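First the structure, in the form of structure tokens, and then the observations on it.
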Number of protein chains: 2
Amino acid sequence: MQTEDQSVFRALADPTRRTILRDLARQDMTIAQVADNFDMTRAAVKKHLSVLSDGGLITVQARGREKINTLNPHGFAPVLDWLTFFDQFWDDRLADLKAAIEEKDA
Amino acid sequence: MQTEDQSVFRALADPTRRTILRDLARQDMTIAQVADNFDMTRAAVKKHLSVLSDGGLITVQARGREKINTLNPHGFAPVLDWLTFFDQFWDDRLADLKAAIEEKDA
DNA sequence: CAAGAATGATACCTTTTGGTTTCACTTTGG
DNA sequence: CCAAAGTGAAACCAAAAGGTATCATTCTTG
């Protein structure tokens with residue numbers, strides 16, 4: 001458990017990468033297109049895309065000399081699974097605490 | 001959106017911290033108790049706890065000379081909210097893709 | 001009150017990260 | 001064919017991250 005999750009959690013840790021994911025949610029993009037949305041070099045964006053790819057959050061396919069980056073919704077599964085552990089914990093043992101937390105939600 | 005999420009995403013990025021959260025899910029613990037579960041100094045564990053606290057994932061209260069660290073389930077909310085954006089995206093625009101992904105889930 | 005326990009804080013070190021530059025490589029188009 | 005477009009990759013840098021060691025503080029307790 002949580003053995004191979006590191007790459008996806010690491011991928012989500014950077015704000016630039018989280019923004020890229022939102023951008024790719026709108027449409028698939030080449031590296032250059034993604035880079036146009038940021039004030040940094042294409043090389044830097046490329047590195048971010050590599051981290052996202054390592055984390056399984058995007059897939060990349062070549063189209064001629066271009067690389068099309070596509071959001072991979074399936075890649076979020078490990079994160080959701082990990083978070084689910086806590087849901088279960090609350091349900092099983094801390095129903096009262098959960099209720100208390102929600103009502104003190106100022 | 002995603003403006004102040006950084007601290008919680010950063011907190012979740014480290015495997016030691018994710019393990020600490022699971023440990024705290026079982027029971028509240030002092031710093032020394034948390035440190036007993038790891039092969040590193042108490043000072044290092046303390047730093048991790050500070051990051052978790054900054055991210056809102058745990059709360060800390062003094063009890064005499066001890067500090068009791070408690071899991072704060074509410075702290076996960078920003079992460080769930082952020083992830084929800086993609087759920088919505090799938091529902092709104094990619095119902096077909098979602099189905100395709102699930103059925104090709106080898 | 002004095003010793004020990006639990007912690008806070010600081011300085012310091014090493015590795016990772018995020019970024020830039022630069023150069024080689026492949027595809028596309030006129 | 002040849003120049004330009006789109007990438008890949010490597011070298012290099014500064015800053016952040018994860019750890020350790022050390023010392024000062026603050027409770028607890030006999």
Side-chain angles (χ1 to χ4, degrees), chain A residues 2-24 27-72 79, chain B residues 2-24 27-72 79:
Chain A
Q2 186 234 307
T3 317
E4 204 44 57
D5 293 348
Q6 184 51 25
S7 60
V8 61
F9 275 103
R10 187 212 157 188
L12 291 177
D14 184 87
T16 297
R17 288 194 288 268
R18 291 198 301 279
T19 300
I20 290 176
L21 289 174
R22 287 205 168 215
D23 291 346
L24 290 179
Q27 60 178 343
D28 295 352
M29 285 187 276
T30 64
I31 298 178
Q33 286 176 318
V34 174
D36 280 344
N37 296 328
F38 296 93
D39 186 26
M40 67 179 73
T41 63
R42 185 183 48 72
V45 170
K46 164 64 166 64
K47 284 189 183 181
H48 282 305
L49 289 170
S50 295
V51 174
L52 288 170
S53 179
D54 287 347
L57 291 168
I58 68 172
T59 56
V60 187
Q61 61 178 1
R63 188 181 62 188
R65 65 185 160 187
E66 301 178 328
K67 293 297 173 82
I68 309 299
N69 298 274
T70 305
L71 181 69
N72 175 31
V79 179
Chain B
Q2 189 233 309
T3 317
E4 203 45 57
D5 293 348
Q6 184 51 27
S7 60
V8 62
F9 276 102
R10 186 210 157 191
L12 291 177
D14 184 87
T16 297
R17 287 194 288 269
R18 291 199 300 279
T19 299
I20 290 176
L21 289 174
R22 287 205 168 212
D23 290 346
L24 290 179
Q27 60 177 345
D28 295 353
M29 285 187 276
T30 64
I31 298 177
Q33 285 177 317
V34 174
D36 281 344
N37 296 329
F38 296 93
D39 186 27
M40 66 179 73
T41 63
R42 184 181 48 72
V45 171
K46 164 64 166 63
K47 283 191 183 179
H48 282 306
L49 289 170
S50 294
V51 173
L52 287 170
S53 179
D54 288 348
L57 291 169
I58 68 172
T59 56
V60 186
Q61 62 178 1
R63 188 180 62 187
R65 65 185 160 184
E66 301 177 328
K67 292 299 176 78
I68 309 299
N69 297 275
T70 305
L71 180 69
N72 177 30
V79 179

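A note on names: the letters A, B, ... follow the listed sequences, proteins ahead of strands, and every chain is numbered from 1. Side chains included, hydrogens not; waters and symmetry mates left out as well; all remaining heavy atoms used. Note that the coordinates shown come from a computational prediction; the quantities given were computed from them, not determined experimentally.
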Report all interatomic pairs (protein N or O, nucleotide N or O of nucleotides 27-30 of chain D) with separations under 3.5 Å.
residue, atom, partner, partner atom, Å
D:dC27, O2, B:Arg65, NH1, 3.2

Which atoms of nucleotides 8-16 of chain D (N or O only) lie under 3.5 Å from a protein N or O atom, and what are those distances?
residue, atom, partner, partner atom, Å
D:dG8, OP1, A:Lys67, NZ, 2.8

| field | N or O in side chain of B:His48 less than 4.0 angstrom from D:dG19 OP1/OP2 | value | yes

| request: Heavy atoms only: give me the nearest A:Ile31-A:Lys46 pair and the separation to one decimal. | output: CD1-CD, 3.7 Å

| remark: Shortest non-hydrogen pair, B:Arg18 vs B:Leu12, comes out as NH1-O, 2.8 Å

| If you look at every heavy atom in B:Met29 and B:Val34, which pair is closest and at what distance? | CB-CG2, 3.7 Å

| Between P of D:dG19 and CG of B:Asp39, the distance in whole Å | 10 Å

| query | Looking only at atom types and distance, does a side-chain atom of A:Arg10 sit under 3.5 Å from a main-chain N or O of A:Val51, one as donor and one as acceptor? | reply | no

| request: Examine D:dT20: is either OP1 or OP2 under 4.0 Å from a nitrogen or oxygen in the side chain of B:Thr41? Give yes or no. | output: yes

| query | Of all the nucleotides listed (C:dT7, C:dG18, D:dG6), which has the minimum atom distance to the side chain of B:Thr30? | reply | C:dT7

| field | Heavy-atom side-chain contact between A:Asp28 and A:Asn69 under 4.5 Å | value | no

Without placing hydrogens or testing angles, list every side-chain donor-acceptor pair under 3.5 Å for residues 52-67 of chain A, not counting sequence neighbours.
residue, atom, partner, partner atom, Å
A:Arg63, NH2, A:Glu66, OE1, 3.1

| Which atom pair, heavy atoms only, marks the closest approach of B:Ala13 to A:Gln6? | O-NE2, 3.0 Å

| Separation of D:dG19 C1' from B:Leu49 CG (nearest whole Å) | 15 Å

| Donor-acceptor pair, side chain of A:Arg42 and main chain of A:Ala35, under 3.5 angstrom | no

| query | Rounded to the Å, how far apart are A:Met29 CE and D:dT7 P? | reply | 12 Å

| query | Could you state the CD1-P distance from A:Ile68 to C:dT27, rounded to the nearest angstrom? | reply | 15 Å

| Spacing of A:Asp36 atom CG relative to D:dT7 atom P, expressed in whole Å | 10 Å

| field | Atom pair distance, as rounded to whole Å: CG in B:Asp14 and P in C:dT15 | value | 17 Å

| task | Could you tell me the separation between the CD atom of B:Gln6 and the C1' atom of D:dA17, rounded to a whole number of Å? | result | 13 Å

